[in-house]
Amino acid sequence: MALRVARLLRFAESAGVTNRLLLTMCSPAEAVYVKRPVDSVTVPGAEGTFTVTNNHSLIVSQLKAGVITVRDGTDLKDFFISDGFLFFNHATDGSGCCTADVSAVEVVPTSALDKDRATQVLSELLAAPKDTEW
């Protein structure tokens, strides 16, 4: 694993990426981003929403259901996550690129969500008997 990370960081450095936040965001089903250089990522932490940028202080945080916003210049992308964790580490290779790894149970672009279907499923879940196991 450490060798793989070192190779990815060398790739980022050789591609001219320096002093950027390298974001990896994945679920068991897919990798949405793998070491993608971004400006910031805003996440729904268990203790509240917060934003991570390059050179943030070291952090490991549990994430709750909510929206993750990825900012790259003027481009903003939003993703819904059900829950997960964020791991932030400082650069170890001299590139100045810190890493933020989001590991979530489910990652879905908010543009792919169907509000009417979600409302229907939520209503059904709330109407289910309390002793029903899912």
Side-chain angles (χ1 to χ4, degrees):
M1 172 84 171
L3 181 61
R4 183 174 165 206
V5 170
R7 277 192 214 140
L8 286 169
L9 291 174
R10 278 196 305 275
F11 171 76
E13 187 175 29
S14 69
V17 177
T18 57
N19 294 315
R20 297 287 307 274
L21 178 62
L22 299 179
L23 175 63
T24 297
M25 184 165 50
C26 60
S27 70
E30 70 176 319
V32 178
Y33 294 127
V34 177
K35 303 292 181 197
R36 178 170 177 195
V38 299
D39 292 329
S40 67
V41 60
T42 301
V43 297
E47 300 296 320
T49 301
F50 64 96
T51 301
V52 174
T53 59
N54 199 44
N55 294 319
H56 190 278
S57 57
L58 295 174
I59 189 168
V60 173
S61 178
Q62 183 176 1
L63 304 177
K64 63 181 182 178
V67 175
I68 289 181
T69 301
V70 177
R71 177 183 297 273
D72 189 12
T74 58
D75 186 29
L76 292 175
K77 293 190 179 167
D78 292 332
F79 299 88
F80 170 79
I81 65 161
S82 54
D83 63 3
F85 288 90
L86 172 114
F87 304 91
F88 180 89
N89 287 296
H90 288 153
T92 59
D93 65 347
S95 71
C97 294
C98 297
T99 59
D101 299 313
V102 174
S103 179
V105 173
E106 192 172 20
V107 179
V108 179
T110 56
S111 60
L113 296 176
D114 181 347
K115 182 180 176 184
D116 294 332
R117 176 71 179 132
T119 302
Q120 177 188 355
V121 170
L122 180 60
S123 295
E124 291 170 4
L125 288 173
L126 292 175
K130 300 291 183 199
D131 61 339
T132 302
E133 289 189 30
W134 292 94

Exercise for the section: Provide the full list of salt bridge (Lys or Arg N to Asp or Glu O under 4.0 Å) pairs with a residue in residues 96-109, sequence neighbours left out, each pair given once. Expected result: Lys35-Asp101
Problem - Nonpolar side-chain network containing Val67, other nodes, edges under 4.5 Å - result: none
Practice task
May I have all residue pairs that pass side-chain hydrogen bond (donor to acceptor under 3.5 Å, both in side chains) and include part of residues 71-91, sequence neighbours excluded?
Solution key: Arg20-Asp72, Thr69-Asp78
Contacts under 3.5 angstrom, residues 49-65 side chains, donor-acceptor by atom type, not counting sequence neighbours:
unit_1 : atom_1 : unit_2 : atom_2 : d
Thr51  : OG1    : Thr42  : OG1    : 2.8
Asn54  : OD1    : Cys98  : N      : 2.7
Asn54  : ND2    : Gly96  : O      : 2.7

Exercise for the section: Decide whether Val38 and Phe88 are clustered together by the hydrophobic rule: side chain heavy atoms of Ile, Leu, Val, Met, Phe, Trp, Tyr closer than 4.5 Å, transitively. Expected result: yes
Handout entry: Transitive ILVMFWY side-chain link Val102 to Leu22, under 4.5 Å
Key = no
Exercise for the section: Please identify each residue that fulfils side-chain contact (heavy atoms from CB on, under 4.5 Å) with Glu47, with sequence neighbours left out. Expected result: none
Handout entry: Tyr33 and its side-chain contact (heavy atoms from CB on, under 4.5 Å) partner, picked from Thr24, Val107, Val41, Val70
Key = Val70
Handout entry: Side-chain heavy atoms of Ile81 within contact of Val105, under 4.5 Å
Key = no
Handout entry: Nearest-0.5 Å distance that lies between atom OG in Ser40 and atom CG in Leu23
Key = 10.0 Å
Practice task
Measure the OG-CZ distance between Ser111 and Phe79 for me, rounded to the nearest 0.5 Å.
Solution key: 8.0 Å
Exercise for the section: Could you grab the distance from atom OG of Ser95 to atom CG of Asn19, nearest 0.5 Å is fine? Expected result: 7.5 Å
Completion exercise
Residue set satisfying side-chain contact (heavy atoms from CB on, under 4.5 Å) with Asp114, at least two apart, ordered chain then number -> Asp116, Arg117
